[in-house]
Amino acid sequence: MSTRLAAMILAGGKGTRLQALTRKVAKPAVSYGGKYRIIDFPLSNCANTGITSVGVLTQYESSELNTYVGNGEKWGLNGVRSLTSVLTPKQTEEGSAWYLGTADAIYQNIDWLDRVDPEYVLILSGDHIYSCSYEAMLRTHLEKKADCTISAYPVAIEEASRFGILVPDEEGNIVEFVEKPRRPTSNLASMGIYIFTYKVLRAELIQDAKDPESEHDFGKNIIPKMLREGRRMAVHRYSGYWRDVGTVASLHQANMDLLMSGGDSTNLYTVQGPNRIYSEDPFSVPQYIGNKATVRDSLVNQGAIVEGMIDHCVVSGGAIIEEGAICRNCVIMNDAWIRRGSHVENCIVAPRSGTEEGENFNVGGEKIDLLSNSKGRKD
């Protein structure tokens with residue numbers, strides 16, 4: 001996608017509703033899911049989309065976050081043809097100032113965007129949990145010939161007053177937008193994910209910066225003004241998992257959602273493909289122990305999924321032991337798959353091999369190898 005689409009990640013908020021968690025660290029640097037930080041999600045999504053120019057706009061308690069983001073290496077965004085820049089408020093001839101709002105943060109970095117020279121700019125929040133590619137949203141923007149496209153997600157109507165709420169017409173054009181309305185007329189909430197045609201955005205930001213009455217915010221100022229001006233505004237409906245983790249309760253629930261018994265969540269168990277989430281450890285996904293699993297005297301590595309019983313076993317990353325399977329005195333190597341109802345004892349299960357449902361392997365202590373007739377992972 002090269003510099004056709006550049007991304008700007010707003011990662012400077014205080015996150016005061018997270019209380020002690022953000023007392024000394026920026027909200028996007030808060031831990032999530034055992035091995036991730038919140039900022040991993042928008043950066044991974046950018047990498048998986050093929051976006052090669054990413055600005056991360058930091059401000060509050062930014063030292064740890066700046067160090068973590070670094071040059072984008074964790075997400076593969078530090079190459080010859082890619083660029084990750086940490087963009088902080090800077091001192092100029094006019095003086096220095098904090099970012100005054102979301103729109104002002106982008107305005108203060110127009111010079112960076114001008115050097116990148118994109119056709120379109122993707123603006124993201126640094127504190128949301130979701131995994132996706134932004135290609136479909138860009139297609140919506142192009143098909144609608146929009147000046148601005150907003151990604152939207154249906155929320156419970158009783159929660160709608162916490163969000164920017166938009167009303168589209170039958171063709172997907174936005175006809176109304178209200179930031180945090182007291183009496184919402186729709187439950188279609190802005191996710192704080194925008195694609196702008198850069199020439200239009202640049203002009204709007206310059207005008208907004210000159211307005212002393214503006215709060216320099218996208219939801220409160222830029223988007224309502226563009227609607228009043230008759231700009232082409234489109235909605236892109238998002239259907240996957242997405243959570244705004246701005247409170248202790250929402251962060252707790254988003255972590256609980258990761259447990260397979262808990263229902264819907266973003267998929268952290270994708271080791272390849274367009275939705276992989278990268279972190280400091282780029283080689284494995286989290287370990288998962290199911291609610292019916294039994295683990296005794298065993299070593300279980302990251303990336304393993306255990307829903308059956310293992311006793312005196314060494315389980316490698318990526319292995320799956322399904323519910324109802326029993327493994328005793330086994331070495332279960334990478335990406336092996338022991339299916340439901342299988343009983344495996346005294347075995348070495350080779351990488352990417354495994355069992356069919358209900359198969360039994362036990363030869364009285366002699367180690368056998370399940371390389372032949374491989375039944376392992378195919379994804």
Side-chain angles (χ1 to χ4, degrees), residues 6-80 82-90 98-99 102 105-106 108-109 112 116 122-132 134 192-193 242-248 250-252 254-255 258 266-268 270-271 275-287 302-303:
M8 302 290 271
I9 301 176
L10 298 165
K14 285 187 175 183
T16 53
R17 292 180 297 166
L18 287 177
Q19 302 174 30
L21 293 174
T22 50
R23 198 160 291 153
K24 291 295 181 182
V25 66
K27 181 163 57 170
V30 169
S31 295
Y32 171 79
K35 61 171 286 183
Y36 300 94
R37 296 183 188 236
I38 297 170
I39 193 69
D40 287 331
F41 289 82
L43 281 167
S44 296
N45 294 337
C46 288
N48 291 330
T49 304
I51 298 171
T52 56
S53 297
V54 180
V56 182
L57 285 65
T58 65
Q59 180 163 268
Y60 171 78
E61 290 289 354
S62 61
S63 298
E64 186 172 342
L65 179 59
N66 294 348
T67 301
Y68 182 75
V69 172
N71 63 354
E73 181 178 4
K74 299 176 184 69
W75 307 274
L77 295 170
N78 64 328
V80 174
S82 63
L83 169 68
T84 299
S85 298
V86 174
L87 304 171
T88 60
K90 47 188 177 288
W98 290 111
Y99 295 142
T102 54
I106 305 299
Q108 287 198 39
N109 291 285
W112 186 89
V116 172
L122 171 68
I123 296 175
L124 306 170
S125 172
D127 55 8
H128 295 164
I129 302 294
Y130 63 110
S131 54
C132 75
Y134 301 111
I193 301 174
W242 173 80
R243 292 292 183 272
D244 180 344
V245 289
T247 66
V248 171
S250 61
L251 179 61
H252 177 269
N255 276 273
L258 292 173
T266 196
N267 183 12
L268 297 184
T270 300
V271 295
N275 294 324
R276 180 173 178 182
I277 302 300
Y278 303 89
S279 69
E280 288 180 303
D281 171 12
F283 303 109
S284 64
V285 298
Q287 170 198 110
Q302 278 202 348

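Counting from 1, the numbers follow the sequence of the chain as shown. Worth saying up front: this structure is predicted, and the values here are computed from it rather than measured.
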Review point. Could you give the distance from CG (L87) to CG (N66), rounded to the nearest 0.5 Å?
Key: 10.0 Å
Review point. Rounded to the nearest 0.5 Å, how far apart are CE of M8 and OG of S85?
Key: 9.0 Å
Check your understanding: About how many Å separate CD1 of I193 and OH of Y134, when rounded to the nearest 0.5 Å?
Key -> 5.0 Å
Point to revise | Residue pair T84, W75: steps toward the side chain to side chain contact (heavy atoms under 4.5 Å, CB included) verdict | key: CA-CA 10 Å; T84 299; W75 307 274; 5.9 Å; no
Check your understanding: Considering only heavy atoms from C-beta outward, does the side chain of E64 approach that of R37 to under 4.5 Å?
Key -> yes
Check your understanding: Nearest 0.5 Å, what's the OH-CD1 distance between Y32 and I38?
Key -> 9.0 Å
Revision key, fill the gap. In terms of heavy-atom contacts, L18 and V248 come closest through CD2-N, 3.6 Å
Practice item. Begin with the C-alpha distance, continue with both residues' side-chain angles, and end with the deciding distance and a verdict on side chain to side chain contact (heavy atoms under 4.5 Å, CB included) for L57 and I106. Key: CA-CA 8 Å; L57 285 65; I106 305 299; 3.8 Å; yes
Point to revise | Separation of F41 CZ from L124 CG (nearest 0.5 Å) | key: 14.0 Å
Exercise for review: Please say whether the positively charged group of K74, taken as NZ for Lys or CZ for Arg, lies over the ring of Y68, i.e. under 6.0 angstrom from the six-membered ring centre and within 45 degrees of the axis.
Suggested key: yes
Exercise for review: Please report the closest heavy-atom contact between T49 and C132, naming both atoms and the distance.
Suggested key: OG1-O, 4.4 Å
Review point. Is there side-chain contact between V56 and L43, with at least one heavy-atom pair below 4.5 Å?
Key: yes
Check your understanding: Do you know the tightest heavy-atom contact between G126 and I9?
Key -> CA-CG2, 3.7 Å
Point to revise | Distance in Å, I39 CD1 paired with T58 OG1, rounded so as to fall on 0.5 Å steps | key: 9.5 Å
Check your understanding: Is there side-chain contact between S125 and L10, with heavy atoms separated by less than 4.5 Å?
Key -> no
Practice item. State, with a plain yes or no, whether a side-chain heavy atom of P89 is found less than 4.5 Å away from one of Q59. Key: yes
Review point. Counting N and O atoms only, with roles assigned by atom type, does the side chain of S53 sit under 3.5 Å from a partner on the main chain of A6, one being a donor and the other an acceptor?
Key: no
Check your understanding: Does T22 reach the main-chain N or O of K27 with its side chain, forming a donor-acceptor pair under 3.5 Å?
Key -> no
Exercise for review: With side chain to side chain contact (heavy atoms under 4.5 Å, CB included) as the test, would you mind laying out the steps for V30 and V245 before giving the verdict?
Suggested key: CA-CA 10 Å; V30 169; V245 289; over 6 Å; no
Practice item. Work out which heavy atom in G33 is nearest to a heavy atom in P286; give both atom names and the distance. Key: O-CG, 4.4 Å
Review point. Which atom pair, heavy atoms only, marks the closest approach of E61 to K24?
Key: OE1-O, 3.6 Å
Check your understanding: Is any side-chain heavy atom of Y130 closer than 4.5 Å to a side-chain heavy atom of N45?
Key -> yes
Review point. Which atom names give the shortest non-hydrogen contact between H128 and W242, and what distance separates them?
Key: ND1-NE1, 3.3 Å
